[in-house]
Trainee: 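Let me give you the structure first, and then I'll get to my questions.
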Amino acid sequence: MLKKISAALAGGLLLASTLAGCGDDGGGSGSSGDDKITLGFAQVGAESGWRTANTKSIQESAAAEGIELKFNDGQGKQENQIKAIRSFITQRVDVIAFSPVVESGWDPVLKEAKDAGIPVILTDRAVDSKDTSLYKTFLGSDFVEEGKKAGEWLVKEYEGKSDPVNIVELQGTPGAAPAIDRKEGFEEVIKADPKFKIVASQTGKFERTGGKQTMETMLQSVKDIDVLYAHNDDMGLGAIEAIEAAGKKPGQDIKIITVDAVKDGMTALSEGKINYIVECSPLLGPQLMDLVKKVNNKEEVPTRILTEETTFTPEQAKEALPNRKY
Ligand code: GYE
């Protein structure tokens with residue numbers, strides 16, 4: 001649109017009529033018709049506290065930066081996300097960003113966006129496309145690293161002990177990058193010592209109810225559970241309900257490690273019901289908007305942008321909780 005205005009000025013045309021034409025300009029500058037950047041964002045859903053905080057961060061940052069946000073909630077379904085991306089292409093948004101629910105199956109729709117000349121930014125989760133020209137950059141955490149951090153805590157916790165350690169694992173959404181990678185990183189670290197055994201590993205879909213139900217089944221089928229490794233806080237919190245209902249003490253009878261560090265998780269950690277949390281930051285909004293502006297300006301951006309993260313013990317959680325934003 002800016003280009004249009006300057007062209008109109010240069011050509012001596014009436015600026016007023018250009019500005020008055022606030023409807024769809026039919027060009028590639030978004031549907032708002034002014035010089036605002038339009039961002040189409042296809043979110044995974046609302047499966048966890050992490051996701052809620054992530055959505056809020058994106059919506060608030062877009063508003064703060066004056067970026068028009070077209071937000072779609074995919075309700076955990078890839079087909080919904082694909083539909084949303086196609087509709088962003090039809091609407092000719094300036095930039096598309098999305099958090100892919102699963103890793104595979106994005107090439108055709110990403111190709112459509114590329115052919116339409118609309119840049120795509122991956123946020124939070126990766127895709128497994130071989131053709132990396134299908135997106136400009138990927139902003140988010142290193143999930144393998146998060147899994148490793150979880151494993152490293154466990155190795156230290158059981159240092160010098162030789163008894164077998166029975167671990168149950170609650171996996172995230174099947175096929176999702178954080179579920180695949182958090183499993184991989186964790187296994188890589190614990191495999192160095194054969195006393196660590198993953199005796200059951202099933203999905204809880206990153207949801208609290210999923211975590212509770214799967215843990216109930218595991219408590220019935222596995223005799224001596226020493227450790228629970230949950231791929232996110234919400235599943236860990238659901239599992240805590242199941243453990244308590246089974247008359248056991250979470251954090252003591254069964255040691256619990258989770259990932260995310262959202263407020264509810266941190267509260268359970270500070271109460272000793274969770275033993276360790278690996279942080280995964282959902283506050284991607286500000287960095288995302290910065291990238292949106294850059295790719296819209298056709299500026300070069302790094303192909304991978306990592307989020308900075310830490311880990312929390314119960315003591316650290318107590319300290320951090322009063323200032324925790326999510
Ligand atoms: O850990 C989990 C959420 O993709 C990093 O998705 C995200 C994960 C997060 O549902 O809570």
Side-chain angles (χ1 to χ4, degrees), residues 41-58 73-78 80-81 97-104 106 121-128 135 138-150 169-186 202-212 214-215 228-240 256-269 274 276-285 287-288 304-312 324-326:
F41 189 89
Q43 180 61 291
V44 168
E47 73 283 4
S48 64
W50 190 99
R51 191 63 55 196
T52 308
N54 179 246
T55 292
K56 193 163 169 256
S57 170
I58 288 161
D73 177 335
Q75 300 183 341
K77 293 205 175 86
Q78 181 173 34
N80 292 345
Q81 288 197 295
F98 81 116
S99 176
V101 58
V102 290
E103 275 188 347
S104 304
W106 299 100
I121 299 172
L122 301 178
T123 71
D124 158 34
R125 296 183 182 178
V127 297
D128 64 3
Y135 54 90
F138 166 35
L139 162 69
S141 311
D142 182 338
F143 301 133
V144 176
E145 193 52 40
E146 290 173 351
K148 281 188 187 166
K149 286 180 188 167
E169 180 179 31
L170 282 171
Q171 295 182 36
T173 310
I180 297 167
D181 295 353
R182 285 174 187 165
K183 181 170 186 45
E184 186 192 312
F186 182 73
Q202 276 163 37
T203 185
K205 295 184 278 179
F206 278 134
E207 294 168 0
R208 211 175 276 218
T209 47
K212 186 175 178 208
T214 309
M215 192 66 200
L228 161 66
Y229 168 43
H231 289 185
N232 79 344
D233 288 348
D234 281 85
M235 291 191 295
L237 291 163
I240 286 173
I256 303 179
I257 315 166
T258 64
V259 186
D260 275 355
V262 295
K263 229 177 211 152
D264 289 354
M266 292 285 273
T267 305
L269 178 63
I274 295 178
Y276 194 63
I277 300 185
V278 178
E279 186 185 38
C280 177
S281 175
L283 306 181
L284 303 178
Q287 273 173 298
L288 174 61
R304 177 75 171 100
I305 298 161
L306 275 174
T307 334
E308 263 185 47
E309 280 143 3
T310 182
T311 55
F312 293 99
R324 204 78 185 151
K325 288 201 188 66
Y326 56 93

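Each ligand, and each atom within it, is numbered from 1 in the order the structure gives.
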Trainee: Give a yes or no on this: more than 12 heavy atoms of other residues, nucleotides or ligands lie within 6.0 Å of atom NZ of K263.
Mentor: yes
Trainee: Does the side chain of Q202 come under 3.5 Å of the side chain of T214 through a donor N or O and an acceptor N or O?
Mentor: no
Trainee: Please work out whether the ring planes of H231 and F206 are parallel, tilted or perpendicular, with thresholds of 30° and 60°.
Mentor: tilted
Trainee: Name the one of T123, D73, N54 that satisfies side-chain hydrogen bond (donor to acceptor under 3.5 Å, both in side chains) with Q43?
Mentor: N54
Trainee: Students should find this: residues with any non-hydrogen atom under 4.0 Å from ligand 1. What is the answer?
Mentor: E47, S48, W50, R51, D124, R125, F143, P178, R182, F206, N232, D260, C280
Trainee: Step by step, would you call W106 with F98 a ring-ring contact (aromatic ring centres under 6.0 Å, His included)?
Mentor: CA-CA 11 Å; W106 299 100; F98 81 116; 4.9 Å; yes
Trainee: Can you confirm whether K149 is buried at NZ, in the sense that more than 12 heavy atoms of other residues, nucleotides or ligands lie under 6.0 Å from that atom?
Mentor: yes
